[in-house]
Amino acid sequence: MNAREDFQCTRWLGTQAQKGRIRFWVRHPVRREGSSFFRQKADGRFCPDFLCQPPGTADQPGPILAVEYTGADRWAGAEGDRLIGGLWANLSEDRCSFVMVTDKRWERIDAQLP
């Protein structure tokens with residue numbers, strides 16, 4: 001991800017947090033042994049760019065939302081990442097969700113938020 005796209009995504013997530021639509025978000029520390037969240041693939045690891053949590057209810061925490069921002073030039077090559085992220089979300093019994101964004105298509109994240 002280039003720094004400009006990264007910054008724009010962080011600004012959008014921060015705005016949603018200020019509106020109360022995201023409880024917290026963090027820029028994922030990629031490749032930090034012992035602290036990185038990843039999904040194993042046949043050809044390596046997939047580490048999403050951001051981890052977020054929308055608000056939940058009094059008795060149920062919000063799901064963990066993994067967000068990956070991919071440049072348009074890398075979209076076609078990221079199909080495996082989209083598949084493993086979607087599989088992870090589908091197997092989580094609604095405790096997790098995943099979205100991959102490109103070209104500032106924030107509505108893809110928006111659709112995952114309350």
Side-chain angles (χ1 to χ4, degrees):
M1 178 185 312
N2 76 39
R4 182 169 174 78
E5 290 172 331
D6 185 23
F7 178 70
Q8 290 170 347
C9 193
T10 60
R11 282 187 48 186
W12 192 88
L13 292 171
T15 299
Q16 300 313 301
Q18 289 175 344
K19 293 178 179 179
R21 298 187 69 217
I22 295 176
R23 229 178 108 220
F24 72 84
W25 66 271
V26 295
R27 175 72 168 99
H28 184 241
V30 177
R31 294 179 188 88
R32 284 203 184 149
E33 196 62 39
S35 63
S36 289
F37 170 80
F38 66 90
R39 299 292 83 197
Q40 188 66 47
K41 301 186 318 180
D43 61 350
R45 294 178 173 181
F46 167 59
C47 301
D49 295 319
F50 302 96
L51 297 174
C52 312
Q53 186 177 39
T57 62
D59 60 334
Q60 181 82 10
I64 298 299
L65 171 60
V67 176
E68 172 71 9
Y69 192 98
T70 300
D73 60 327
R74 296 182 305 278
W75 183 262
E79 182 177 359
D81 295 345
R82 287 192 297 279
L83 290 172
I84 197 70
L87 178 63
W88 167 73
N90 288 338
L91 294 174
S92 75
E93 299 178 354
D94 295 325
R95 292 185 307 244
C96 305
S97 58
F98 170 78
V99 63
M100 185 178 283
V101 179
T102 192
D103 294 328
K104 302 175 203 159
R105 305 273 317 265
W106 311 129
E107 67 273 8
R108 292 181 178 169
I109 304 171
D110 198 45
Q112 304 292 320
L113 300 176

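Just so it is clear, the structure is predicted and the values come from calculations on it, not from any experiment.
Side-chain contact check for Phe50 versus Asp6: some heavy-atom pair is nearer than 4.5 Å. Between Glu68 and Phe46, the closest side-chain pair of non-hydrogen atoms falls below 4.5 Å.
Between the Arg27 side chain and the Asp49 main chain, a donor and an acceptor come within less than 3.5 Å of each other. Under a 3.5 Å cut-off, the side chain of Gln53 and the backbone N or O of Phe24 do not form any donor-acceptor pair.
Residues Leu91 and Phe37 share a hydrophobic cluster, clusters being chains of Ile/Leu/Val/Met/Phe/Trp/Tyr side chains in contact below 4.5 Å. Grouping the Ile, Leu, Val, Met, Phe, Trp and Tyr side chains by contacts below 4.5 angstrom, directly or via other members, places Val26 with Met100. Transitive grouping of hydrophobic side chains (ILVMFWY, heavy atoms separated by less than 4.5 Å) brings Val101 and Leu13 into a common cluster. With hydrophobic clusters built from ILVMFWY side chains whose heavy atoms lie under 4.5 angstrom apart, Leu65 shares a cluster with Trp12. Under the 4.5 Å side-chain heavy-atom criterion for ILVMFWY residues, no single connected hydrophobic cluster contains both Ile22 and Ile64.
Between Cys52 and Trp25, the shortest heavy-atom distance links the atoms SG-CB, 3.7 Å. In plain terms, the two heavy atoms of Phe38 and Cys47 that are nearest each other are CB-SG, 3.6 Å. Closest heavy-atom contact between Gly20 and Pro55: O-CG, 3.2 Å. The shortest heavy-atom contact between Pro63 and Pro54 is O-CD, 2.9 Å.
Under the side-chain hydrogen bond (donor to acceptor under 3.5 Å, both in side chains) criterion, Arg105 pairs with Glu107, not counting sequence neighbours. Judged as a side chain to side chain contact (heavy atoms under 4.5 Å, CB included), and not counting sequence neighbours, the contacts of Thr102 are Ala72, Trp75, Arg108. Residues satisfying the side-chain hydrogen bond (donor to acceptor under 3.5 Å, both in side chains) test with Asp59, not counting sequence neighbours, are Thr57.
Using a 30° and 60° split on the angle between ring planes, Trp106 and Tyr69 fall in the tilted class, from 30° to 60°.
Applying the side chain to side chain donor-acceptor pair (under 3.5 Å) definition to pairs two or more places apart or across chains, those involving residues 78-95 are Lys41-Asp81. Counting only residues at least two apart or in different chains, salt bridge (charged side-chain N to carboxylate O under 4.0 Å, His left out) contacts with residues 14-26 comprise Arg21-Asp110.
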